[in-house]
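Here the structure is laid out as structure tokens; the discussion comes afterwards.
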Amino acid sequence: MSKKDILTPIGITFGFIVIMLAILSSGGTEGIISFVDLSSILIVIGGLIASMLITFKMEQLKLIFKLFKATSLQNSMQLPDLIDLFSRLAERARREGILALENHLDEIDDPFIRKGILLVVDGVEPEVINDILEAEIIALEERHAKGRSLFEKAAEYAPSWGMIGTLIGLVLMLNKLTDPSTLGPAMAVALLTTLYGTVLANLVFTPMANKLEGKTEEETFYKQIIIEGIIGVQSGQNPRILEEKLNAFLSSEDLEKQKMSETSNLVGESVNEA
């Protein structure tokens, strides 16, 4: 139920391009070269890795590539599709009975919905179903928070290591005060580590952490709607009433699109009948 979200890689790439263009516009290709310093890169990247190794367990660190991938994925099922699904399930439950829903599980890809429908088929009480699914949402939020903390901590450590690199550069610079001609270049190199750390924090780690937080909120919102839909199906609500109830979660834009879609469908049916 996921599709590519290209905004994350586009945003990061665009950010680096803007920085490079700003440097080129002021200093040309030589300006770009002056912003590359191996020792500064080693201090920021090496120090960041060291801090992450100390802070997290290896099992958590292995998740970082999965989290990078997660920032480039988005839920392919839209709210109107979700509402339509529960409207159809409610219709089948009223027409064929609750137990018949088990025969339609192959049509459902979302494991959270499948789990809820299985609980309904097993005759579990609505309060118990709600408690079970709510507990799963809480566990999901905790798992996501732990994963998100990888990027949040990296965003804290990167600028700090940049400052450490700058201090190291300043110490080395002060040791060469006897030669004033070296002070300018030495100061420029000393400041590069702060630049590297700040760029990594504000262009990569913090935006990714915020992106993951937004995805968690969106997924939690979807799952709350799913719980409402499952309880509605179990209680035997009229499909139209259940649909109207779930429509309360839609934005005004989604409601307008849904009305336009329904209108076009009615027009199409009228033309076919004619």
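In what follows, residues are counted from 1 in the order of the sequence shown.
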Original post:
Looking at CD1 of Ile227 and CD of Glu134, how far apart are the two atoms once the value is rounded to the nearest 0.5 Å?
Top reply: 4.0 Å
Subject >> salt bridge (charged side-chain N to carboxylate O under 4.0 Å, His left out) partners of residues 205-224, not counting sequence neighbours, each pair once >> reply: Asp5-Lys211, Asp5-Lys215, Glu219-Lys223
Subject >> Main-chain N/O of Thr166 paired to Thr193 side chain as donor or acceptor, under 3.5 Å >> reply: yes
Subject >> Pair Phe68 and Phe151, ring centroids less than 6.0 Å apart >> reply: yes
Original post:
Under 3.5 Å, side chain of Asp84 to main-chain N/O of Pro80, donor-acceptor pair present?
Top reply: no
Original post:
Should Glu91 and Arg88 count as an ion pair when the cut-off is N to O under 4.0 Å?
Top reply: no
Original post:
Is Ile6 isolated, or which residues cluster with it under the ILVMFWY side-chain rule of less than 4.5 Å, directly or via members?
Top reply: Ile10
**OP:** Inspect the surroundings of CZ in Phe14 and state if more than 12 heavy atoms from other residues, nucleotides or ligands are less than 6.0 Å away.
**Re:** no
Original post:
Do Arg114 side-chain atoms and Leu105 backbone N/O form a donor-acceptor pair below 3.5 Å?
Top reply: yes
Subject >> Ser235 side chain vs Gly232 backbone, donor-acceptor pair below 3.5 Å >> reply: yes
Original post:
Is Thr206 reaching over with its side chain to a backbone N or O of Asn202, donor-acceptor style, under 3.5 angstrom?
Top reply: no
Subject >> Lys62/Glu59 under salt bridge (charged side-chain N to carboxylate O under 4.0 Å, His left out): CA gap, chis, key distance, verdict >> reply: CA-CA 5 Å; Lys62 288 179 180 178; Glu59 290 77 12; 6.0 Å; no
